[in-house]
Protein chains: 2
Amino acid sequence: MRITIKDLAEYCGVSSGTVDRALNNRPGIKLKTKQKVLEAAAKLNYRPDFTARSLVKGKTMTLGIVLFDLYNRTFAQLLNAVELKAKEYGYFIYVALTNKDPDNEKQCIEYLANHKVDGMILFTVHQGEEFEHYLESFSFPIITIFNFLSERWQYIGIHERGAMKDVALFIADKGYTKITYICPPLSFQGKRNIFTQEERLKGLEEGLSERGINHVKVIKQNDYLDVLDGLVFKDGDMAIVCSCDLYALEVMNHFKEKKIKIPEDVGLMGFDNIDVLKYISPKLTTVEYPVEEIGKMAVESLIYKIEDGKFNTYSPMSLDFKIIEGESI
Amino acid sequence: MRITIKDLAEYCGVSSGTVDRALNNRPGIKLKTKQKVLEAAAKLNYRPDFTARSLVKGKTMTLGIVLFDLYNRTFAQLLNAVELKAKEYGYFIYVALTNKDPDNEKQCIEYLANHKVDGMILFTVHQGEEFEHYLESFSFPIITIFNFLSERWQYIGIHERGAMKDVALFIADKGYTKITYICPPLSFQGKRNIFTQEERLKGLEEGLSERGINHVKVIKQNDYLDVLDGLVFKDGDMAIVCSCDLYALEVMNHFKEKKIKIPEDVGLMGFDNIDVLKYISPKLTTVEYPVEEIGKMAVESLIYKIEDGKFNTYSPMSLDFKIIEGESI
DNA sequence: GTGAAAGCGCTAACAT
DNA sequence: ATGTTAGCGCTTTCAC
């Protein structure tokens with residue numbers, strides 16, 4: 001059986017209060033008593049029971065994070081950064097994966113709440129007043145990432161719209177006049193929270209329209225490769241922009257098969273700058289942004305709120321992004 | 001403030017015992033009373049406090065997993081599978097990342113123990129009697145993955161040695177006579193637990209020796225690319241085997257720069273079959289094994305032990321692997 | 001400087 | 001069918 005504070009007290013012939021003072025560096029204890037207790041603790045292999053401590057302290061030193069999955073490299077990187085940063089502050093991380101399923105997501109949130117996390121990092125597919133009202137029923141702070149909810153919720157991310165606007169200007173200035181945008185998640189428009197995706201599209205359209213291009217062909221289907229088969233690529237005047245690198249890689253593979261040349265026949269751009277791009281040729285032009293930074297900021301912000309009662313102020317969506325020039329456009 | 005069972009009891013004019021019966025579907029309660037309590041719980045937005053429950057039940061419904069990091073795709077996939085499977089059984093996952101730092105690893109284990117996980121999945125860099133003795137001081141079941149510890153510890157993984165032996169036979173039968181093996185982690189031989197890596201090397205040597213090849217050049221340096229520069233590739237009689245795909249991709253990139261052709265000048269093989277290989281050309285020949293399966297089995301085995309008191313029996317290291325033939329060798 | 005005791009929110013055993 | 005009560009292992013307050 002596990003040794004408790006009571007066992008230690010008995011063993012040392014002191015009270016549990018004294019053991020507590022020794023174990024937790026609290027004042028009001030004779031050095032000698034303290035040493036005796038600490039030695040006994042080491043000898044008997046005592047380990048504090050955090051669940052008991054949590055119960056009295058009302059704090060679990062645990063943060064919950066809700067994500068779609070970890071197949072997406074970006075999320076894995078994010079979680080990695082979150083764990084590291086949290087541990088620095090002595091917090092542990094509960095991961096809860098939703099597979100983008102709204103019901104599943106709610107259940108994850110619910111369970112995390114029951115496990116009494118001190119705070120939550122939330123990447124949600126939900127949106128709307130009802131959901132926000134639901135979130136407000138929780139007594140711990142919540143910070144949203146990637147998908148914005150509303151001003152009522154602390155949010156950390158990059159300026160998605162601005163990034164895509166830059167992309168638009170970048171490709172327009174390269175001389176491309178026909179733009180195709182691939183973003184299957186947009187098919188959930190109005191049904192789920194796809195803030196990030198919508199912002200990117202808006203940015204793209206804004207930027208292009210500044211350059212006099214007022215039409216973007218948007219592909220929202222999951223079988224976007226089939227849709228591409230229906231398009232004609234000549235003169236190299238079309239640029240295909242993908243809402244994330246993974247789609248761009250699929251397109252690349254597909255075009256390789258079809259003997260369509262990048263960038264000669266058609267330009268291609270991704271988004272995310274996932275690390276495997278370094279092994280791919282032609283080098284994919286893409287947008288880099290600091291995922292780890294998002295994770296770290298989320299944790300720091302959350303812990304600050306937990307421990308000091310208020311969110312630290314910073315301009316939201318202020319993180320840097322950068323176009324990484326490859327050879328694909 | 002959070003509503004407690006006591007609040008509910010007061011609100012409904014019953015005792016906390018009755019509330020408990022209603023909330024947890026325990027027998028011995030009138031349907032009507034039960035409904036009243038449940039309605040009140042919903043209305044007042046009651047949420048059970050798992051830390052309190054854990055304290056009395058001695059069970060947290062939480063599993064801890066200790067991994068190096070999540071940059072390695074394989075680990076991210078594994079964690080994904082672990083989370084999914086655990087949630088199926090109602091368990092939550094604490095992730096603790098060690099960055100391969102032994103001290104860090106011990107601290108992670110310690111903290112997880114203090115948080116009273118019901119079980120632990122451990123990918124350790126430690127080895128030896130002292131560490132095993134340390135692990136035995138914990139009262140929850142531990143299951144090891146990837147790096148084997150000893151027969152005293154439940155282990156789940158593939159037959160690494162057998163897999164690499166198959167690789168050896170495969171490449172020998174392709175006519176390769178000079179074999180170079182790249183595996184930087186081997187530099188930790190004797191210092192850390194690198195079971196997986198050692199097994200793979202042994203398997204390679206075993207297989208090759210069966211085909212009359214008794215010398216393998218083993219590169220353990222981190223700057224393995226520089227070492228490759230010192231080698232001469234002619235006749236295409238050399239095969240480079242990498243202990244994981246990532247190294248192989250680095251080699252590929254390097255050779256591309258150096259205008260060394262794969263497989264004409266030199267053969268190349270990886271290990272892992274990470275998902276991005278589908279975007280890489282030439283197609284890398286590699287070994288596939290079921291990471292998700294390892295994760296699922298670890299969770300199921302652990303939960304079985306937690307709930308039924310014994311590890312289920314299965315032949316260890318029994319998981320399938322398969323050589324995926326590409327164009328690189 | 002130390003001990004005693006209450007209580008965190010829940011479950012479980014025992015009364016009624 | 002329901003109420004009462006004693007903990008789970010710890011922290012914290014108050015008394016000595």
Report summary line: Rounded to whole Å, CG of B:L55 lies from C1' of D:dG7 at a distance of 9 Å
Query raised in the report: Between C:dT11, D:dG9, D:dT11, which one does the side chain of B:S16 approach most closely?
Result: C:dT11
Requested in this report: Using the six-membered ring wherever Trp is involved, compare the ring planes of A:H115 and B:F92 and label them parallel, tilted or perpendicular (cut-offs 30° and 60°).
Outcome: tilted
Query raised in the report: At under 4.0 Å, does any side-chain N or O of A:T18 touch on OP1 or OP2 of C:dG3?
Result: yes
Query raised in the report: If you check every side-chain atom of A:D20, which of D:dT11, D:dT2, C:dT11 has the closest atom?
Result: D:dT11
**Report entry** Spacing of B:R26 atom CZ relative to D:dA1 atom P, expressed in whole Å
**Finding:** 15 Å
Query raised in the report: Considering only side-chain heavy atoms of A:V56, which listed nucleotide, D:dA1, C:dA12, D:dC10, is closest?
Result: D:dC10
Query - Under 3.5 Å side-chain donor-acceptor pair for A:R53 and A:T60 - result: no
Report task. Using only side-chain N and O atoms of A:T4, determine if any of them is under 4.0 Å from OP1 or OP2 of D:dG9. Result -> no
Query raised in the report: What is the distance, rounded to the nearest whole Å, between atom CZ of A:F50 and atom P of D:dC8?
Result: 20 Å
Query - Euclidean distance, atom NZ of residue B:K34 to atom C1' of D:dT2 [Å, nearest integer] - result: 15 Å
Query - Sidechain-backbone polar pair: A:S54 side chain, A:K59 backbone, donor-acceptor under 3.5 Å - result: yes
Query raised in the report: CZ of A:R47 versus P of D:dC10: gap in Å, rounded?
Result: 13 Å
Report summary line: Rounded to whole Å, CG of B:N25 lies from C1' of D:dA1 at a distance of 16 Å
**Report entry** Five-pair end axes of the helix from C:dG1-D:dC16 to C:dT16-D:dA1, angle between them (10°)
**Finding:** 50°
Query raised in the report: So which of B:Y94, B:Y89, B:Y91 actually passes side-chain contact (heavy atoms from CB on, under 4.5 Å) with B:L63?
Result: B:Y91
Report summary line: Ranking C:dA12, D:dT2, C:dC10 by distance to the side chain of B:K57, first place goes to C:dA12
Requested in this report: Please answer whether the main-chain N or O of B:H126 pairs with a side-chain N or O of B:N193 as donor and acceptor at a distance below 3.5 Å.
Outcome: yes
Query raised in the report: How are the rings of A:F195 and A:F148 set relative to one another: parallel (under 30°), tilted (30 to 60°) or perpendicular (over 60°)?
Result: tilted
Query raised in the report: Hey, does B:Y134 have a side-chain heavy atom less than 4.5 Å from the side chain of B:K106?
Result: yes
Query raised in the report: What nucleotide among C:dT11, D:dT11, C:dG9 has an atom nearest to a side-chain atom of B:N24?
Result: C:dT11
Report task. Could you check which of C:dG3, C:dT11, D:dG3 has an atom nearest any side-chain atom of B:R21? Result -> D:dG3
Query - From D:dT11, D:dG9, D:dA1, nucleotide with atom closest to B:K30 side chain - result: D:dA1
Query raised in the report: Can you tell me how far C1' of C:dA5 sits from NZ of A:K6, to the nearest Å?
Result: 13 Å
Requested in this report: Give a yes/no on whether any side-chain N or O of A:T51 is located under 4.0 angstrom from OP1 or OP2 of D:dG9.
Outcome: no
Report summary line: Quick note, A:I5 side chain, CB onward, closest among D:dG9, D:dT11, C:dT2 is D:dT11
Report task. Find the distance A:Y46:OH to D:dG9:C1' and express it as a whole number of Å. Result -> 8 Å
Requested in this report: Anything under 30° is parallel, anything over 60° is perpendicular, the rest tilted; go ahead and classify A:F146 against A:F123.
Outcome: tilted
Report summary line: By nearest-heavy-atom nucleotide on DNA chain D, the more 5' of B:T33 and B:A52 is B:T33
